[in-house]
Structure formats: structure tokens, C-alpha cells
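Following: one structure in C-alpha cells, then a few remarks.
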Amino acid sequence: MSEYESWSARRTRLMHRVHARLAARARAATAFVSQPEPRTIGSFNRGRQLIAGNLMFAGHLIEAKGAMLWDLDPPDQAFLEQIHGFGWLDDLAAVGDLRARTVAQDWLWGWIDRYGRGSGPGWTPDLTGRRLIRWTHHAIFLLRALEPAQSAAYFQSLAHQTRFLGRRWHKAAPGLPRFEALTGLLYAGLSLSGMERHVGSATAALARECAGQIDDQGGIPTRNPEELLEVFTLLTWAAAALEETGNPVAPEHQTAITRIAPTLRALRHSDGGLARFHGGGRGLDGRLDQALSASGVRKGAQGLAMGFARLSAGRTSVIVDASPPPEGAASFNAHASTLAFELTSGRRPLIVSCGSGAHFGEDWRRAGRATPSHSTLALEGYSSARLGREGRVAGARREMLEDAPEEVPVEIGHASDGLKLEAGHDGYVDTHGLTHARILELTFDGRGLVGEDMLLALKSSDRKRFDRVRHAAGKSGIPYHVRFHLHPDVDAEVDMGGMAVSLALRSGEVWVFRHEGGLEMTLEPSVYLEMGRLRPRATKQIVLSHRAMEYATRIRWSLAKAHDTAVAVRDLTTDDEDYDFDS
């Protein structure tokens with residue numbers, strides 16, 4: 001039990017345990033009446049590592065060849081949640097050979113023996129829903145060459161977990177955890193004999209959650225692109241399972257899928273990965289394309305998509321966080337990233353955000369949320385939104401964002417030779433009297449991006465506040481930095497006597513960064529934070545630095561492909577394996 005856990009959280013956990021024990025009295029399911037296809041996609045490489053005894057979950061590596069998963073000493077709660085959610089079944093099923101099946105069977109029936117009667121940390125609605133989906137998807141893989149007693153224990157446990165979910169799904173936190181719980185309950189109701197009574201209630205509850213959690217833009221309150229993908233994936237799985245068994249899909253359910261699909265298309269870079277904002281990563285390889293294909297929705301988003309703006313031309317995609325950050329309880333994992341952008345060329349990310357540091361501990365988590373961890377302008381010592389005092393989210397202590405931008409005007413149109421975005425935010429008005437405005441212009445061929453950042457004291461009250469802060473700072477003015485974080489695979493070198501930076505991608509493309517005026521330009525260390533790594537990856541960032549002295553400060557810069565870079569580059573460079581223990 002965590003010292004930060006509230007009384008209400010302890011009570012909820014206790015009631016989960018009570019209902020898990022009571023649910024053990026359920027009459028066992030004896031067979032599948034229908035079985036959804038195994039739509040979950042695993043990683044062949046991660047599956048091989050698990051078989052070899054390299055067990056990596058939530059950023060922690062434990063080397064334990066031949067060990068029972070449940071005998072390990074878990075380093076933290078995130079590790080526990082990952083192993084009890086059974087996502088690793090996807091990876092072992094991706095390998096699919098005898099060794100993989102043996103490991104999967106040993107670990108699954110080991111869980112039943114140790115926790116199957118309602119004990120242990122895995123008895124929460126979201127983890128139980130996640131677990132039921134995997135057990136159902138991979139039933140054929142799991143049940144091969146088993147004794148009747150083992151099959152009976154498997155179906156008994158499925159019935160036990162289904163009855164628990166039927167009692168406790170409403171205690172899952174709104175958003176992704178509740179969608180996981182309800183999708184698992186729906187799967188069980190559709191698939192298992194004797195569990196049909198749960199189909200109607202789960203379908204109705206799923207429809208209510210769709211109506212309450214998915215907005216008109218096809219977004220969710222957290223504005224986390226990867227979380228939106230997970231919700232969308234669950235909804236497409238649930239819809240497919242209903243259709244395959246001759247059950248209707250609720251209008252609210254189908255409407256949510258129709259709204260989310262265009263938004264996810266807008267949030268997808270040219271390499272197929274998602275924009276990494278507000279705690280989200282790129283998404284599992286293949287998950288986005290599979291979900292979009294399953295949805296049958298082909299149209300794209302018009303205007304902003306969940307508060308993000310997209311400029312796309314040629315082989316280049318630019319995605320900008322163009323709205324205020326999430327508010328209240330939805331902001332517990334949000335980032336101060338307003339007006340930050342990412343740029344990808346073909347298959348190669350160029351300008352990125354540092355990403356979520358949640359898998360590397362609290363210090364990295366906080367650092368990843370700050371404005372300097374994003375590719376935008378920040379006043380020295382300040383973020384565009386501040387971490388507030390801890391509050392309670394789902395029973396745990398979390399730091400919500402406060403003093404965040406409220407006004408973020410955005411206009412997307414055309415320039416003389418391309419696409420143009422104009423936006424601004426008031427995140428520094430209360431502290432410095434300054435509005436940050438940003439203009440981005442992407443050429444029609446996608447070979448050039450021109451940017452202009454401005455710090456403006458617009459109103460008389462803003463100018464008075466600016467004058468006070470500037471006076472306190474001395475004659476040198478208010479220091480600011482415009483940062484451009486580079487992907488770790490980008491080779492950066494200062495060029496042209498310090499007036500430019502050459503950026504070489506592994507595809508062979510070369511981009512050149514330049515700036516105007518008397519700014520100081522430096523190439524400094526940075527980090528790239530991504531799930532599945534043991535530690536943050538070292539990378540670099542371009543930093544433009546100066547001081548605001550007047551009511552209007554202008555910073556102009558550009559990114560352009562070198563003239564000798566081909567119009568179309570056939571990118572054949574092999575990527576690193578997606579499961580890396582050495583970097």
C-alpha cells in the first residue's frame with residue numbers, strides 16, 4: 001500500500017478484493033459460444049526476449065531465465081500493472097512456437113493458482129478487463145495440448161473475472177480504464193457460455209461512456225494522442241465483436257468511432273507514428289493502421305483535431321499543440337506544450353518533443369511535462385503552465401496543471417507558396433505581460449518550414465507588467481530560449497561558421513537550420529524519453545537565446561532540405577529493433 005494512497009482509494013481497493021472473493025462463487029463457464037479473432041498485435045522481438053528471460057516492464061529489466069513471473073519482486077506499481085494486465089501475451093503469441101506457448105501457459109496458470117481466488121493487485125476493473133481481452137483473444141494459442149483439469153481452471157477463472165467486472169466496472173476511472181473494463185466485460189458476455197446476461201448492460205454502459213467522454217472533435221479530455229488510440233482500438237474491437245455475433249452496435253458507439261478516426265489521421269505523422277504530446281508516445285507499431293482499417297472511416301479531420309493543428313505537404317508532416325492544455329483531473333499527466341511542434345520527414349522524425357518520462361521515475365516525469373522539454377519558446381525559469389499542488393485523481397496524488405494558457409487563437413490558411421499557421425497563447429501574460437505568438441509556413445513541396453516567434457506586450461496593463469519585470473531583471477532584459485529538440489537518429493553539426501546547423505537523417509536527407517538577427521545559437525544536450533528503453537536516450541537540441549527588451553520581440557528561423565537532397569528519397573535504412581536493452 002502506498003503512503004500516498006487516500007482513504008477512498010484504500011476503501012475502493014478493499015471493496016475490489018471483497019467482490020473478487022465473492023465472485024469466486026460464480027458458476028464456471030464451460031466453453032466459448034463464440035470467440036473474437038485475436039486482434040491484439042504483439043512484438044516478435046519482445047516475445048523472444050521474454051522467452052530468453054529478459055523481462056522488461058514499465059522501464060525495468062529483470063533477467064530471470066526460466067523464472068515464474070509471479071515470483072519476481074516488482075520494482076514499482078507500474079511494473080505490477082503491466083504484468084497483471086497480461087499485455088505480454090500479445091508478444092508471446094507473436095512468436096507463437098512451442099517455447100512461447102509453454103511460457104505463456106506456465107505464467108497464466110501460475111496466475112490462476114496464486115491469484116485466481118480473488119487476491120493480489122490484479123483485481124481492479126481496468127486490469128481485469130485488459131486481462132479478459134487477452135485471455136479471450138489468445139484462447140486457441142493457450143488451450144492447445146492441455147489436460148482437462150487445466151482447461152476447467154481456465155474457464156472457471158474467466159467466469160470469476162467476468163462476474164467481478166459485472167459488479168465493479170463502474171469503479172474504474174472515467175476514460176481509458178473504464179473503456180478497458182467495459183470492453184473486457186462485453187467480450188466475456190459475448191464469448192462465454194452462461195455469461196450472456198452481461199452483454200446488454202455492457203453495451204449500454206459503453207454507449208454512455210462514448211457519449212460522455214468523446215467530444216465533437218473526436219477527442220478525449222486528456223488530449224493524449226496515444227490514449228485516444230487505445231480508446232479507439234477498444235471501441236473497434238467491441239464493435240467487431242458485436243457485429244460478428246449478430247448484436248447491434250449502439251449509435252453512440254458508432255458515432256464515437258466515426259469522430260475519432262479522422263482525428264487520429266490528423267495526429268499521425270508521415271512515418272505512421274503519433275505525435276507525442278500530453279504523456280503519449282508514438283503508439284504500438286501497426287496498432288493505428290489496424291484500428292483505422294477496422295473502423296472503415298476514410299475521411300480526415302477539418303481544422304483542429306483534439307486541439308492539434310496539422311500541416312502536411314510532400315513527405316513532411318508538422319503537428320502543433322494549438323490549444324490550452326487539459327484542465328482539472330484530466331491534466332494530471334498533461335504537458336505545458338502549447339504551440340510546440342513536431343516535424344517528420346518521410347519515415348524519419350526530425351523535430352520532436354522529449355516525451356513522457358513517467359517510465360523513468362517522478363523526476364523525469366516532471367521534467368518531461370515542462371515547456372523546455374518541447375520544441376517551442378520558453379521564458380527562462382518558466383513554463384507556459386505550472387505544476388500545481390497535488391490533488392487526488394483515481395485515489396492517488398497527482399500534480400495537475402494550473403496557471404495555464406486560456407486564450408489560444410489559431411488560424412490555418414495558405415501562404416504564397418504553401419500552408420500557414422498563425423497562433424498565440426497568453427501563458428506568460430500574468431507573469432511577464434507577454435503573449436507568445438508563432439507563425440509556421442510549410443512550402444507546398446514539403447521541403448521548407450519557415451517560423452517566426454514573437455513576444456508581444458499587447459495591452460497597456462501588459463506593458464506595465466512587462467516594464468516591472470524587465471526593471472527587476474536589470475538592463476539586460478528578460479531572457480528567453482527557443483528550443484528545437486532533435487530525434488536521436490539525427491546527426492547535427494554546427495555549420496557555416498556558427499550561422500547554421502546541418503541535420504543529417506538516416507535516410508540520407510540533409511536539412512539545414514538557420515536563423516536571423518543577433519540571437520545566440522547553440523547545440524546542446526537533450527534527451528528522448530520513450531517507453532521500452534532502460535534509460536533516456538541521449539540526443540541534441542538547437543537553442544536560440546536572447547533577451548526581450550521591447551514590447552515586441554521577433555525571432556525568425558527556418559528549416560529547409562539542402563539543395564542537393566533528392567526530391568524523393570527511397571528510405572531503405574534498417575531501423576534498430578524496437579526492443580533494445582543497450583540504449
Side-chain angles (χ1 to χ4, degrees), residues 277-278 307 320-327 331 334-341 353-354 366-389 399-411 421-440 451-485 515-522 524 541-557:
F277 288 103
H278 298 298
V320 186
D321 185 354
S323 291
E327 299 177 339
S331 73
H335 292 194
S337 56
T338 309
L339 299 195
F341 79 98
S353 303
C354 289
R366 290 191 186 97
R369 300 177 71 186
T371 302
S373 294
H374 299 82
S375 295
T376 187
L377 179 147
L379 301 183
E380 188 170 291
Y382 287 83
S383 286
S384 58
R386 266 66 69 186
L387 293 180
R389 287 180 293 183
E399 291 173 322
M400 268 73 84
L401 287 186
E402 60 182 26
D403 299 329
E406 296 179 357
E407 296 293 330
V408 186
V410 180
E411 185 174 331
L421 177 140
E422 298 176 274
H425 76 77
D426 59 354
Y428 299 114
V429 169
D430 288 344
T431 57
H432 296 77
L434 291 171
T435 294
H436 174 209
R438 168 164 269 185
I439 299 174
L440 299 176
E452 184 174 0
D453 287 287
M454 291 167 282
L455 287 170
L456 307 169
L458 298 174
K459 303 176 183 177
S460 59
S461 57
D462 297 343
R463 292 172 185 143
K464 290 177 182 177
R465 185 174 291 113
F466 173 77
D467 288 337
R468 288 197 299 270
V469 176
R470 183 184 58 180
H471 178 74
K475 294 182 178 180
S476 56
I478 301 172
Y480 64 83
H481 308 280
V482 187
R483 302 176 187 275
F484 304 85
H485 295 275
H515 69 91
E516 295 180 5
L519 302 169
E520 178 187 4
M521 184 178 69
T522 54
E524 301 179 5
Q541 59 178 314
I542 301 169
V543 183
L544 302 180
S545 303
H546 211 278
R547 295 175 180 268
M549 300 287 293
E550 308 292 339
Y551 295 145
T553 300
R554 176 175 296 180
I555 308 105
R556 288 185 60 83
W557 50 267

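Count residues from 1 along the sequence. Values reported hereafter were calculated over all heavy atoms of this structure, with side chains retained and with hydrogens, waters and symmetry mates removed.
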Problem set entry | side chain to side chain contact (heavy atoms under 4.5 Å, CB included) between Tyr480 and Asp453, intermediate numbers included | CA-CA 11 Å; Tyr480 64 83; Asp453 287 287; over 6 Å; no
Report yes if the side chains of [X] and [Y] come closer than 4.5 Å at any heavy-atom pair, otherwise no.
X	Y	result
Leu544	Met521	yes
Pro325	Pro405	yes
Val429	Arg465	yes
Asp430	Asp403	no
Thr371	His436	no
Ile439	Met454	yes
Ser375	Arg483	no
Asp462	Tyr551	no

Where is the tightest heavy-atom contact between [X] and [Y], given as atom of each residue plus distance?
X	Y	answer
Arg463	Leu458	NH2-O, 3.5 Å
Ser323	Gly307	OG-CA, 3.0 Å
Leu401	Ser331	N-OG, 3.0 Å
Glu520	Thr522	OE2-CG2, 3.6 Å
Arg386	Gly427	NH2-O, 3.5 Å
Asp321	Ser337	OD2-OG, 2.6 Å

Exercise. Does Arg556 have any salt bridge (Lys or Arg N to Asp or Glu O under 4.0 Å) partners at least two apart in sequence or in another chain, and if so, which?
Worked result: Glu452, Glu516
For this session: Say whether, by atom type as modelled, one donor and one acceptor occur between the side chain of His485 and the main chain of Pro372 under 3.5 angstrom.
Result: yes
Exercise. Hey, is the main chain of Ala423 close enough, under 3.5 Å, to the side chain of Arg438 for a donor-acceptor pair?
Worked result: no
Exercise. For the residue pair Phe341 and Trp557, does the interplanar ring angle fall in the parallel (under 30°), tilted (30 to 60°) or perpendicular (over 60°) class?
Worked result: parallel
Exercise. How are the rings of Tyr428 and His425 set to each other: parallel, tilted or perpendicular (split at 30° and 60°)?
Worked result: tilted
Problem set entry | Residues Asp467, Arg470: salt bridge by 4.0 Å N-O rule | yes
For this session: Before giving the answer on side-chain hydrogen bond (donor to acceptor under 3.5 Å, both in side chains), spell out for His481 and Ser545 the whole-Å C-alpha distance, their side-chain angles and the decisive distance to 0.1 Å.
Result: CA-CA 5 Å; His481 308 280; Ser545 303; 2.8 Å; yes
Hey, could you give me the [atom1]/[atom2] distance between [X] and [Y], rounded to the nearest 0.5 Å?
X	Y	atom1	atom2	answer
His278	Ser353	NE2	OG	9.5 Å
Thr553	Ile478	OG1	CD1	8.5 Å
Ile555	Leu455	CD1	CG	5.5 Å
His374	Ser383	NE2	OG	9.0 Å
Leu456	Glu550	CG	CD	12.5 Å

For this session: Verify the neighbour count for atom CZ of Phe466: are there more than 12 heavy atoms of other residues, nucleotides or ligands below 6.0 Å?
Result: yes
For this session: For atom CD of Glu524, decide whether the heavy atoms of other residues, nucleotides or ligands shown that lie under 6.0 angstrom number more than 12.
Result: yes
